[in-house]
Amino acid sequence: MSPTTGTGTQGLSSEARNLHWLLGNLVEEVPGVRSVAVVSSDGLLLLSSDPDAARTAPGADGAADARTGGAPARPRGPRGSSADLATIVSGIASLTIGAARLLDAGAVKQTMVAMEEGSVFVMSISDGSLLGVHAAPDCDMSVIAYHMALFVGRAGHVLTPELRSELRQSMEGGR
């Protein structure tokens, strides 16, 4: 599963291509990672491991799907699981930031939600941008958190307003 945008990485700046490469390493090198999304402070998807999932996955339109025994697949958002993950990451971040304010506990650094069939991790990158990871239920949480911290450390200083704008345009197919 390699990270792409609707148009790939052609025409992107070296900083944007570097972030795509870092995201690809996170997805490919860390066992249990299912999908990854970088989300802006206002909840917009900037970078993802699978932005075209809804258009390429069989059954994404609700039609019968062989993977589910012929039953219709769950309808997805306009961009599939990436849009779903971006929405979840943004919502979790908003909730935890509000809780931290109410508790006078300072900035939220990381959030993890463990469920029966998977986990979601959210980590702050810079000036409100977020890294979200959806992982398998049997993942090693400490390994995922470590690799997320590496990504954040490498991406945080290059995620400028200009780069966020470039990434957003590429996700919208504007390049």
Side-chain angles (χ1 to χ4, degrees), residues 1-5 16 19-20 22-54 57 60 73-161 163-165 167-168 170-172:
M1 169 178 15
S2 64
T4 60
T5 63
L19 282 180
H20 278 271
L22 287 172
L23 187 80
N25 277 352
L26 178 62
V27 171
E28 293 171 15
E29 303 289 325
V30 182
V33 171
R34 290 180 173 166
S35 62
V36 180
V38 175
V39 182
S40 68
S41 60
D42 53 357
L44 298 175
L45 183 61
L46 298 177
L47 187 63
S48 175
S49 61
D50 58 348
D52 297 321
R74 179 179 70 83
R76 295 188 172 231
R79 303 265 322 218
S81 63
S82 296
D84 294 344
L85 183 58
T87 301
I88 292 163
V89 166
S90 184
I92 288 172
S94 179
L95 179 64
T96 56
I97 289 167
R101 284 185 187 138
L102 284 172
L103 298 171
D104 198 24
V108 177
K109 296 178 182 179
Q110 180 179 348
T111 304
M112 194 275 299
V113 179
M115 301 163 282
E116 286 182 18
E117 298 299 322
S119 298
V120 175
F121 301 80
V122 180
M123 191 175 285
S124 298
I125 297 177
S126 63
D127 63 338
S129 297
L130 304 160
L131 173 63
V133 172
H134 175 222
D138 60 346
C139 70
D140 186 331
M141 294 178 193
S142 62
V143 169
I144 290 181
Y146 172 76
H147 284 277
M148 288 178 71
L150 288 177
F151 181 94
V152 166
R154 293 173 181 153
H157 67 282
V158 298
L159 202 53
T160 62
L163 184 55
R164 285 193 305 273
S165 177
L167 291 170
R168 183 64 194 151
S170 73
M171 288 301 295
E172 292 172 349

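Closest non-hydrogen pair, Ala100 versus Val108, comes out as CB-CG2, 3.7 Å. The minimum heavy-atom distance between Ser90 and Gly43, with the atom names listed, is OG-CA, 3.6 Å. When all heavy atoms are compared, the tightest approach of Leu85 to Ser35 is CD2-OG, 3.5 Å. The two residues Ala114 and Met112 come nearest to each other via the heavy atoms N-SD, 3.7 Å. Pairing each heavy atom of Met123 with each of Val152, the nearest pair is SD-CG2, 3.7 Å. Shown here for Phe151 and Ile125, the closest heavy-atom pair between the two residues is CE2-CD1, 4.2 Å.
Within the 4.5 Å cutoff, the side chain of Val133 has no heavy atoms near those of the Val27 side chain. Side-chain atoms of Leu19 and Val158, non-hydrogen and from C-beta on, do get closer than 4.5 Å to each other. No side-chain heavy atom of Arg164 sits less than 4.5 Å from a side-chain heavy atom of Leu44. Considering only heavy atoms from C-beta on, Leu26 stays 4.5 Å or farther from Leu150 through its side chain. Between Val39 and Leu46, every side-chain heavy-atom pair lies at or beyond the 4.5 Å cut-off. Considering only heavy atoms from C-beta on, Ser124 stays 4.5 Å or farther from Lys109 through its side chain.
A side-chain donor-acceptor contact under 3.5 Å links Thr87 to the backbone of Ala83. Distance alone, capped at 3.5 Å, places no donor-acceptor pair between the Ser94 side chain and the Gly91 backbone. Checking side-chain atoms of Thr111 against main-chain N and O of Ala93 turns up no donor-acceptor pair under 3.5 Å. Looking only at distances, a side-chain donor or acceptor of Ser49 sits under 3.5 Å from a matching main-chain atom of Val36. Arg168 contributes a side-chain N or O that, together with a main-chain N or O of Leu45, makes up a donor-acceptor pair within less than 3.5 Å.
In terms of the side chain to side chain donor-acceptor pair (under 3.5 Å) criterion, Ser41 has no residue partners (sequence neighbours excluded).
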Where do Leu130 and Val38 land on the side chain to side chain contact (heavy atoms under 4.5 Å, CB included) test, with the steps shown first?
CA-CA 6 Å; Leu130 304 160; Val38 175; over 6 Å; no

Let's go through Leu159 and Leu167 carefully: what are the C-alpha distance in whole Å and the side-chain angles of both, what is the deciding distance for side chain to side chain contact (heavy atoms under 4.5 Å, CB included) to 0.1 Å, and is it a yes or a no?
CA-CA 10 Å; Leu159 202 53; Leu167 291 170; 4.0 Å; yes

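Atom-to-atom distance recorded for His147:NE2 and Leu131:CG is 12.5 Å, nearest 0.5 angstrom.
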Can you list, pair by pair, the side-chain donor-acceptor contacts under 3.5 Å of residues 135-142, counting residues two or more places apart and other chains?
from: Asp140; atom 1: OD1; to: Ser142; atom 2: N; distance (Å): 3.2
from: Asp140; atom 1: OD1; to: Ser142; atom 2: OG; distance (Å): 2.7
from: Asp140; atom 1: OD1; to: Val143; atom 2: N; distance (Å): 3.4

